[in-house]
Amino acid sequence: MAWIYLVIAGIFEVVWASFLKLSEGFSHLGWSVATIIGMVLSFLFLAKATHQLPLSLAYPIWTGIGALGTVIVGVMVFGDRLNPLTWVFVGVLLIGIIGIKLTTN
């Protein structure tokens, strides 16, 4: 169950980061409130995951899910453009996250 909590925490990290962009520096109340709710939920699920998972594994996977997801949202929703070399490093990040998961007990 801890891994499920960790994935949910990572998803909420993507949510709050996306809402942060939409809040335009916390200048739009609705998006600002949604950002804060997403942050709280992300931290709560991370906290639940760290009851069973070591912090040394949970934290980098949580941030990695958030980073990868935010890249995808940035490209697909906000029209961000990344050069090919950046995509290589995004792939390396994905490989790192999978590697951490596969090498844990």
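When reading the values below, keep in mind they use all heavy atoms of this one structure, side chains included, and skip hydrogens, waters and symmetry mates.
Nearest heavy-atom pair, Ala2 versus Ala49, reported as atom, atom and distance to 0.1 Å: O-CB, 3.5 Å. Ser27 and Ser32 make their closest contact through N-OG, 4.1 Å (heavy atoms, listed as atom of the first residue, atom of the second, distance).
At least one donor-acceptor pair under 3.5 Å links the side chain of Thr35 to the backbone N or O of Leu20. The backbone N or O of Leu82 lies less than 3.5 Å from no partner atom in the side chain of Thr86, so there is not a single donor-acceptor pair. No donor-acceptor pair closer than 3.5 Å links the side chain of Ser42 to the backbone N or O of Met39.
Exactly one of Val7, Leu41, Ile37 qualifies for a side-chain contact (heavy atoms from CB on, under 4.5 Å) with Phe12. That residue is Leu41. Tested against Ser18 for a side-chain contact (heavy atoms from CB on, under 4.5 Å), the candidates Leu22, Val14, Val15 yield a single pass: Val14.
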Using the rule given for side chain to side chain contact (heavy atoms under 4.5 Å, CB included), can you reason through Thr70 versus Trp16, listing the C-alpha separation, both sets of side-chain angles and the distance that settles it, and then say yes or no? CA-CA 10 Å; Thr70 303; Trp16 77 252; over 6 Å; no
Verify side chain to side chain contact (heavy atoms under 4.5 Å, CB included) between Trp31 and Lys21, making sure each step is shown before the conclusion. CA-CA 9 Å; Trp31 290 118; Lys21 167 96 171 144; over 6 Å; no
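Each of Ile95 and Ile65 belongs to its own hydrophobic cluster when Ile, Leu, Val, Met, Phe, Trp and Tyr are linked at side-chain heavy-atom distances under 4.5 angstrom. In the hydrophobic clustering of ILVMFWY residues, with side-chain heavy atoms under 4.5 Å counting as a link, Ile61 and Phe89 come out apart. Val92 and Val71 end up in different hydrophobic clusters when Ile, Leu, Val, Met, Phe, Trp and Tyr side chains are linked at under 4.5 Å. Linking ILVMFWY side-chain heavy atoms closer than 4.5 Å, directly or via other members, places Leu85 and Leu68 in two distinct hydrophobic clusters. A continuous path of hydrophobic side-chain contacts links Leu55 to Leu57 [ILVMFWY only; heavy atoms under 4.5 Å].
Rounding to the nearest 0.5 Å places CG of Leu6 at 9.0 Å from OG1 of Thr50. A distance of 7.5 Å separates CD of Glu13 from CZ of Phe43, quoted to the nearest 0.5 Å. Rounding to the nearest 0.5 Å places CG of Leu53 at 9.5 Å from CG of Leu46.
Ile100 places a side-chain heavy atom less than 4.5 Å from the side chain of Pro60. For the pair Val73/Phe78, a side-chain contact is recorded, criterion being any heavy-atom separation below 4.5 Å from C-beta on. At least one side-chain heavy atom of Lys101 sits less than 4.5 Å from a side-chain heavy atom of Trp3.
The ring-ring contact (aromatic ring centres under 6.0 Å, His included) test applied to Tyr59 returns Trp62, not counting sequence neighbours.
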